[in-house]
Structure formats: C-alpha cells, structure tokens
Amino acid sequence: MSSPLDKIDLKTYIKNEKEDAFFPRYEDIIDKVKTYNPSTNENLLKKAYLISGMAHDNVSRRDGTPYLSHPLSVVNILADLRMDDTGLVAGFLHDVVEDNQVVKIEKIRDLFGEDVAHIVSSVTKIEADINFHRDHSKDEAQIENIRRLILGMAKDIRVIFVKLADRLHNLRTMDSMPEDKAKIKAEECLKIFAPIANRLGLGKIKNELEDLSFKYAYPEDYKKLTEALKEKRKYSDNFINETKEQIITLLKEDNIDAEVTGRVKHLYSIYRKLIKQNIDISQVYDYMAFRILVNEVFECYATLGNLHSKWTHIPYRLKDFISNPKENGYRSLHTSLLSKSGEPFEVQIRTFKMHEEAEQGIAAHWKYKEGKVINEDDRILEKFRKDIQELMADPSSNFASELPNDLQENKIYVFSPKGDLYHLPVGATALDFAYYIHSNLGDHCAGAKVDGKMVPLKTPLKNGQKVEIIKSGDVHPTYEWLDIAVSSRAKTKIRNYLTKNEKIFAIERGKDVFERELRRFKKSLKSIESDPNIVDEMKKNGYQDINTLFAEIGYGKVDTRSFLKRVLGEEEVKPLEVLPSKKKVSLPLSLNGKSDYLFNIARCCNPVMGEEIVGYVTVGKGLVIHRKGCPNIKRLSNIFPERVAEVNWKSGEEKNENDFEIPLSIVVTNRAGVLADVTVSISQEKADITACDAKSLKKQGKGKKAIIKLKLLVKNKEHLNKILKNLSEIDGVISINRS
C-alpha cells in the first residue's frame, strides 16, 4: 500500500490551525531555535511539521483541541532544552506512527534517516499496548515500560528528552483523561521520569513534572495541601516581600549586585517532607525559600556570610554543593535561617551560570557549530550513559525494577582516601562504594575502614565519611553479597561475576559434597577416582570426567548419595547417639533442657557464650558446638541433616565461670609500637592472651603491613565485641578476622 507521504507537496500543504491560540506558533518555535542554533535546517523542521500536521489532520485531543497542538508543544519544550535538529524532528513525529496506521517507521527512516527513526520508534514502543493490557499487572507494565525506555535511550539519549517533553505536555493537559489512567501515568512519572529529569540536571522540568504528577497521583492529598497553604499565603506573601527587600539592602551595603526571588516551595517537595517526617502541614515551617543569584563564585560565599551575620542559621541545614556538586552537576549553597520572630526559611545562593545549569542541566553545556551540537562538558551525560549500560550488562538481572532506586534524588556523598567525591544511593554500603571505584576492587573487597575504623561491609554509609577498601586476592563475590549491596551497579557486577564463575563454584561445591558423602561409605576420593564402576556410571550418565560430575552435583542436579549407592552399594550406617559426659560439665550448654552430655567447642568458628549456636552430633566425640553462620555447619547440615541438634546456652546463669579461647588475625600497618598497642588494649579489657605471633608481610608483597595472630580468653559475646571495637580504633589496624 502506498503512503500519503509519497504524494505530499511541501509547497502547498499549509495548516491553518497554526494560528490557533491553543498551541505555540510554528514560526515562534523556529525563532527560538535560531537563538541557540543559527544554522538550523529550517526546511527539515518544516518538512517534519507538515508531515505531523498531515498525519493528525482533522484529529482532536480529548479536550477538543487540534491534535497538532501536542507535537508542537513537545517541540517547543525541546527548544527550551536547546535540542538539536534531529531531536526536534523526532519531537514533531514522535507519535505519528502510533496515531496514523498508514505512516510506517520505514517511511520515517527514508525521509529523515536512521537516528530520527530510532527515536520515534523507541518513544512509540515505550507505552504501546502495555499499561492497560489485561495480561499485565500494574507493576509488570511499569517494569516493561522502563525496560523499553532503557533500551531506547541506551543507544540515543535524545529518546529520553523527547519522552520527557511528551510526558510534560500530557501532564499539562491531563484534566480530560479518566482518573484511573491519569493516576497510573502520574505515579509512573513520579517514580521514573521526574527522577530521570533530576539525574540529567533538568531542575525546571523535574519540578513541574513532580507538581503536576502530585495533582493526579494523590488528588486528595494535593487538595488538602493546597487548601492548607492558602491559609498561610497571606502571611507568606508579606514575609517574602519584606525579607526579599532586607536581603537586597544587606547585599547592596557589601556592593554585591544580586537578583533575589522568593517563593513558597514546590508542593511536592513539601508533601515529601510531610511523609518522610510523618507530620502534618501545621508542623511545616520552612516552606518558604529564597534564591539569590550573583555574578561570581566568591560572591556566593560573601553573601552566605552576610546572611549568617543578620539571621540565626541552623547549622545542620548548611550544604555546600559548590565545593561538592551533586551527581547531576548541580551547584549551589543552601542554608536555613531563622527570622527575628523565629520563622525558618531556606536560601539558595548561586551564580547566574550555576542557575542556568540547574534549570537546563546538560543542555546548558550544548553549543552549536555548523548546525551540529557540541557537548562542552558531557561528563554528566556520559556518567548517565555508563550507568544505563551497566544496568543492561546482565540480561538475567532485574535491572528494570532496580533502576527507580538508583534514580532517586536522595543520595549520600562519601570520599575516597585521596579525597575524591562519590555519590551513592541512600543506604549504600562499603561494598557499593568499592564497586563504584572499580569492578576489580569490588570483586576482591575483603573489608572496609570508615573514618579510620574497621566496619562490617553491610554497614550503611553516611554523608561526608571517608571510606577505604581493603583488597584481597583471596576474596571473591558470593551470593550473600547480593543482600549486602544496595545499588544496581554493584548488584549487576556481582551477578556478572557469579554467572561467569558459576561452573567453578559448582565444581567446588560438588566436590565437597562428594567427598563428605564418600565418608559414609568409608571411602576417600583418591581411592575411587579410577574405580571402573565410577567411570562406567559417569559415562552411562553422560559425564565426560569427574569435574563434570562435580559440577552437576554442585548445581543440585545429581543426588550424590543415590549415585554412590548405585555404584558402591549401601553405606555402613551406625546408630547415632549423644554421648554422656564422663567429667564434670563446665560449659553452660543444654540439649533438650539437659546438660549432662559431652559438649565440644568447634575450632573452626569458636563460638562464645551469647552467640547463636547449633550442635552437630559426631561419632564418638559427642556434640560439637558451632556458630550458626559457620560455613562448615552449613555444609554438614546439607549432607547430614539428621545429625544437627538444637542446642542452647543455659539460661539463669548469673555468673559465667567459663573462658572461651578465640583466635584473632589482625592485619596492621607495620609501625613501631603497634604490637604493644594491641596487647595493651586487650589487657585493659581483662582478657588473657594465651598465644601471640607477629610477622611482616613484606615478602608476600604486602608492603609495610604485618599480621598479628593471637589467642585470647573471653567471657562472652559482649566481652569479645568490646575487645574487637577497641582494637579497630587503634591507629594502624587494617582488618580483624576470627581465625
């Protein structure tokens, strides 16, 4: 079927609707584009405009306006973002394929090229047949939309700019949309599109998206908040006008030429504060904000000093985003002040250039030469691209559902030992930080020091902390790391490592299980490796060699005990019994409420009183007590679940007369006096050292490091934890392990 586009006459096809007051005039948009791109291809833009007009000829929107008002408004928003010709053309055409069944994407490609076709196709696919399809739940639909969005913008970032402009204009005209559909669109915008706009530094777009979405996503809350602020409006307007004049007068006295504006904060930002702090509107006081724009950076700090000299400032609310810019490049000083009457208000101070960047984000850096866009500073854009590519690196990961968490505005900032600044999601751990530095550092992250003190990898980081990662070639990712990591970047890299090395891990697990099962048959691995019965059984089941068998066992595809029974016959089984103690019981332990059994402390994990424990019945050695998280007991319980016993520390023991011997390996910086500091710290907690050995690690290529191996006697878990805490605070202590 031929397309009407084949017969289009660009010289005679004219849309009278372009003068309609419902939408921007085409000529005005072109004039706007010329202000930042004098070499724009007017014929190309006109061609796209006319095709869009033809495709939507005699079509109206839900509110009765000509449909052409939508693509024109989208392009007008894109022009505000200084978009290039390719992006503008895509803006004109972004929904012609979806709305006009005769216009095919192949025709768009023929007329405007591959880049425009890709953008149009990607924007069209994002929501096509997904949101309200009966086979998709709301969450599934949203995740699928995100997946399509990521796939599109991974190749061309202009996809997201066109989609943001499309969504913004739809929100501006959403009153005519059914409430249920409007709510879904608005919620998705708050979760995905507004955070993306923020990530790209598009402050103006982000704020409008949030406030408009708030209205439709939570209409009752929006109405209540709007009404509540009306009551405060009269006072607010007077306060803002008076305070604005006071600020201008104050700065003039210091010869600072500034532009000062005051406003009530954005509705959605106030709403988020209500939710986060679990308060009502009557308890929100700092809902007024002032913005001060100056010419030079030094004037920002001079202005801050002047404000603090006149008004009382709230110390913990002072934020310097000039010295430490946000991840999206945002720079400004933020401070909260108290008026003479005790009314709090916020002030943002930045240069005019910083303000342009805050409003337009990466678009503020775009320049044009011969009609082509040049990114003077594409660091933020490239960072965003890299994040997207990393999210997509692992097809098996649930990157689409993890993206919203990474996009949220709430971030923390931490420093590397060299003083480099890194932004991480709220709740991020030292493991997340390691992967933000480098994949290899994350893969071999053995420990972490925060502000000079050892902390567990799962410890959430806080603003301003200095984080140092301890690296070891003997350490590698485990599945438990997926529970420690918060950021999708870290989770994706951990999954990649686990997937890449999955067979190696499976062989290790399978071999371990195989050897332990052999013990039931009174056999060793060495004795049966060349057993013809084993070889025949492997060949019969298609296993090329012993490692293939181990891998299948490790994957859980082979029942080892059944396999060995077929080859070796029934194992020799002895009835299990818990031996009674032949000596006076001193350990404060009980099995089924009784304590007259033979108890032994496992030397692999050395549990102490107060820690969670589990018993394992051995043949001839009684009950061996392990810590619950001990890797050995985990393996044993998988192989011999019938031998695991529930054991408890005896309750009601007012005084524990027992000492528990604990081995410690402490890696330190090899400085004079470090061994003395370690031993003194332990003795101060009244713990006896039963063995001590210290040696340099220089020969192992560890530089000026040493390892101190100790055995000490402790009373209980609290006693041990206090010792470990004090040791971690010693200057030069790098890591501490219970082994």
Side-chain angles (χ1 to χ4, degrees), residues 203 207 225 228-326 330-352 354-355 358 409-413 421 426 451 462-465:
N207 289 333
L225 185 57
L229 287 177
K230 277 183 182 178
E231 298 177 10
K232 294 175 176 278
R233 181 69 67 181
K234 185 176 180 181
Y235 171 79
S236 301
D237 290 343
N238 292 335
F239 179 85
I240 288 172
N241 291 332
E242 291 173 5
T243 305
K244 174 182 172 182
E245 292 303 317
Q246 291 174 353
I247 293 174
I248 292 173
T249 301
L250 180 67
L251 297 182
K252 279 184 177 179
E253 292 174 358
D254 202 23
N255 296 318
I256 297 177
D257 184 21
E259 179 183 299
V260 183
T261 56
R263 59 177 173 81
V264 173
K265 288 183 180 179
H266 293 287
L267 282 177
Y268 188 65
S269 68
I270 297 175
Y271 178 71
R272 281 193 304 183
K273 178 171 290 188
L274 296 176
I275 300 300
K276 184 178 180 180
Q277 299 181 5
N278 193 26
I279 57 178
D280 60 46
I281 186 62
S282 65
Q283 296 171 284
V284 175
Y285 300 107
D286 56 341
Y287 58 89
M288 291 172 290
F290 295 85
R291 181 179 296 132
I292 303 174
L293 305 182
V294 295
N295 293 303
E296 303 293 339
V297 174
F298 77 88
E299 291 179 322
C300 293
Y301 292 97
T303 298
L304 181 68
N306 282 324
L307 295 178
H308 285 182
S309 68
K310 182 174 179 61
W311 288 283
T312 301
H313 75 281
I314 305 173
Y316 63 88
R317 296 295 300 274
L318 175 60
K319 297 177 182 178
D320 185 351
F321 295 120
I322 295 179
S323 298
N324 300 312
K326 288 187 178 182
Y330 175 86
R331 295 183 296 160
S332 185
L333 296 177
H334 289 194
T335 187
S336 289
L337 307 172
L338 290 173
S339 68
K340 300 300 182 183
S341 60
E343 189 77 22
F345 59 97
E346 183 183 279
V347 182
Q348 300 173 358
I349 311 165
R350 51 183 178 255
T351 65
F352 287 94
M354 291 176 191
H355 181 62
E409 184 176 5
N410 292 331
K411 299 276 185 177
I412 60 167
Y413 64 91
L421 179 70
V426 172
D451 292 336
K462 298 178 181 178
N463 271 332
Q465 290 181 324

Distance-only, no hydrogens or angles: does the [X] side chain make a donor-acceptor pair with backbone N or O of [Y] under 3.5 Å?
X: E299; Y: N295; value: yes
X: N306; Y: A302; value: yes
X: S332; Y: I349; value: yes

ask   = Just wondering, more than 12 heavy atoms not from D257 lying within 6.0 Å of its CG?
value = no
Closest heavy-atom contact between [X] and [Y]?
X: R350; Y: R331; answer: CD-O, 3.7 Å
X: H266; Y: S269; answer: O-OG, 2.7 Å
X: V297; Y: M354; answer: CG2-CE, 3.8 Å
X: Y301; Y: S323; answer: OH-OG, 3.2 Å

Out of curiosity, [X] [atom1] to [Y] [atom2], how far, rounded to the nearest 0.5 Å?
X: Q465; Y: Y413; atom1: CD; atom2: OH; result: 10.5 Å
X: E245; Y: I247; atom1: CD; atom2: CD1; result: 10.0 Å
X: L304; Y: I292; atom1: CG; atom2: CD1; result: 9.0 Å
X: E346; Y: R291; atom1: CD; atom2: CZ; result: 10.0 Å
X: L337; Y: I314; atom1: CG; atom2: CD1; result: 7.5 Å
X: K244; Y: T261; atom1: NZ; atom2: OG1; result: 7.0 Å

request  = List the steps, then state whether side chain to side chain contact (heavy atoms under 4.5 Å, CB included) holds for M288 with I240.
outcome  = CA-CA 8 Å; M288 291 172 290; I240 288 172; 4.2 Å; yes
request  = Would you mind telling me which of H308, H313, R317 makes a side-chain hydrogen bond (donor to acceptor under 3.5 Å, both in side chains) with T335?
outcome  =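 Among the candidates, only H308 passes.
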ask   = Given the rule in the side chain to side chain contact (heavy atoms under 4.5 Å, CB included) test, do L229 and I270 qualify, once you have shown the distances and angles that lead to the verdict?
value = CA-CA 10 Å; L229 287 177; I270 297 175; 4.0 Å; yes
ask   = Step by step, would you call L338 with W311 a side chain to side chain contact (heavy atoms under 4.5 Å, CB included)?
value = CA-CA 6 Å; L338 290 173; W311 288 283; over 6 Å; no
inquiry  = So H355 and E259, do their side chains get closer than 4.5 Å, heavy atoms only?
reply    = no
ask   = With under 30° as parallel and over 60° as perpendicular, where do the rings of F345 and F290 fit, or are they tilted in between?
value = perpendicular
task = For side chain to side chain contact (heavy atoms under 4.5 Å, CB included), just list the numbers for C300 and I322, CA-CA rounded to whole Å, side-chain angles, deciding distance to a tenth of an Å, and then say yes or no.
result = CA-CA 9 Å; C300 293; I322 295 179; 3.9 Å; yes
